[in-house]
Protein chains: 2
Amino acid sequence: MDEFVQLLKKHDLKVTPQRLEILKYLAKIKTHPTANMIYSALKKRNPSLSKTTIYNSLDKLYQHKIIHLLTISTSEMRYDFNVKPHHHFLCRICGTIIDIDVDCPYLEKMLKGQHKIEEVHGYFKGVCKDCLI
Amino acid sequence: MDEFVQLLKKHDLKVTPQRLEILKYLAKIKTHPTANMIYSALKKRNPSLSKTTIYNSLDKLYQHKIIHLLTISTSEMRYDFNVKPHHHFLCRICGTIIDIDVDCPYLEKMLKGQHKIEEVHGYFKGVCKDCLI
DNA sequence: GTTCGTGCAAATCTTTTGCAGTTTC
DNA sequence: GAAACTGCAAAAGATTTGCACGAAC
């Protein structure tokens with residue numbers, strides 16, 4: 001928990017119970033939850049929690065590159081505490097989003113001298129191993 | 001125009017003026033428009049056009065893999081008539097989405113035997129050449 | 001003539017905004 | 001105490017749904 005206190009302080013963000021809970025939840029859960037999933041989970045422990053706080057906090061965390069945003073699925077943003085470069089696979093049967101750790105040395109090299117690349121998102125869609133059976 | 005009539009017939013979709021206009025527009029415009037942009041553009045020629053029809057048609061076209069969906073930007077879906085494999089770059093300054101034609105032979109190979117990959121989307125975000133000046 | 005598509009209105013769902021009160025530092 | 005954060009209510013924006021009418025085949 002102290003780890004998250006330090007993280008927030010390092011970024012000059014105020015340390016609030018809500019932010020600590022959001023960070024703790026995102027770091028633990030590996031399912032790339034939506035804002036609403038985070039809200040539902042944390043609402044149980046803190047009934048006065050509001051969705052505005054969820055959105056505000058996630059925004060702040062994203063601006064400071066503490067978390068990543070995934071736009072892989074339709075109409076609902078997903079959040080990821082893992083900011084190391086990795087990609088995502090969305091199963092169209094069960095809806096799970098799986099981390100993909102392969103990396104491609106080609107792309108960024110070939111793009112050199114063109115645009116300034118700040119983020120690379122590899123999104124794969126299809127049917128996952130478990131749903132293929 | 002006859003090209004699109006054939007395209008729809010090939011997929012057992014009924015040929016309606018609305019669908020032809022949507023296809024014509026998407027094939028011409030290379031800016032990966034949102035449903036709303038398509039609606040605004042076509043509304044001028046056909047004032048009775050409804051957004052429901054836009055959404056219905058785009059859905060059908062996507063189901064038949066006649067067009068692609070991009071989830072690169074927050075909260076609004078974008079559509080692409082170019083279904084050949086290619087990737088996308090979003091400039092955070094001007095908002096333009098640029099086609100990226102590099103291809104990476106690594107990724108799909110390394111994923112073989114795992115999940116069934118049906119779509120590969122490479123999303124790059126940063127600052128485009130023009131906005132870097 | 002049957003099936004499929006269109007367009008309207010209303011509903012739903014996600015995210016944003018304004019603001020008053022509270023907490024953090 | 002000043003600046004930042006929270007939470008409520010309302011607004012905004014995107015997409016979906018139910019349904020009656022009309023067009024395509």
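Residue numbering restarts at 1 for every chain, and letters A, B, ... go by the order of the sequence lines.
Taking OH from A:Y79 and CG from A:L69, the interatomic distance works out to 5.0 Å, rounded to the nearest 0.5 Å.
Across all strands shown, B:N36 has no heavy atoms under 4.0 Å from either base or sugar-phosphate atoms. A:T34 comes within 4.0 angstrom of nothing in the nucleic acid, heavy atoms only. Within 4.0 Å (heavy atoms only), B:T16 reaches sugar-phosphate atoms of the nucleic acid but no base atom.
Distances shown here put a side-chain N or O of B:S57 below 4.0 Å from the OP1 or OP2 atom of C:dT6. For D:dG7, one of the phosphate oxygens OP1 or OP2 lies less than 4.0 angstrom from a side-chain nitrogen or oxygen of A:T53. One finds a side-chain N or O of B:Y55 lying less than 4.0 angstrom from the OP1 or OP2 phosphate oxygen of D:dT15. Listed pair B:S50 / C:dT6 fails the phosphate criterion, with no side-chain N or O lying under 4.0 Å from OP1 or OP2.
Comparing B:V15 and B:K51 along DNA chain D, the residue whose closest nucleotide (by nearest heavy atom) sits nearer the 5' end is B:K51. A residue-by-residue look at B:P47 and B:L13 shows that B:L13 has its nearest nucleotide of DNA chain C further toward the 5' end.
Distance from the side chain of A:K14 is smallest to D:dA3 among D:dA3, D:dG18, D:dG7. For A:E76, whose side chain is taken as the heavy atoms from C-beta onward, the closest listed nucleotide among C:dG18, C:dT14, C:dC25 is C:dT14. Set against D:dT15, D:dA24, D:dA9, the side chain of B:P17 has D:dA24 as its closest nucleotide.
Protein atom OH of B:Y39 is 11 Å distant from nucleotide atom C1' of C:dC8, rounded to whole Å. To the nearest angstrom, P of D:dT6 lies 14 Å from NZ of A:K43. Rounded to whole Å, the distance from CD1 on B:I54 to P on C:dT6 is 9 Å. What separates CG of B:N56 from C1' of D:dA23 is a distance of 15 Å, to the nearest Å. At whole-Å resolution of the value, NZ in A:K60 and C1' in D:dA4 are 8 Å apart. Distance B:D12 CG to C:dT3 C1': 13 Å, rounded to the nearest Å. Per the geometry, CD belonging to B:Q18 stands 11 Å off P belonging to C:dC8, to the nearest Å. Counting to the nearest Å, the C1' atom of C:dT23 and the CG atom of A:L8 are 15 Å from each other.
A pairwise comparison of heavy atoms in B:L13 and B:H64 identifies CD2-NE2, 3.6 Å as the closest pair. The two residues B:K24 and B:F4 come nearest to each other via the heavy atoms CA-CE1, 3.6 Å.
Residue A:M77 forms a side-chain contact (heavy atoms from CB on, under 4.5 Å) with just one option from A:I72, A:T71, A:T34, and that option is A:T71.
Between B:R92 and A:E118, at least one side-chain N (NZ, or NE/NH1/NH2) sits under 4.0 Å from a carboxylate O, which counts as a salt bridge.
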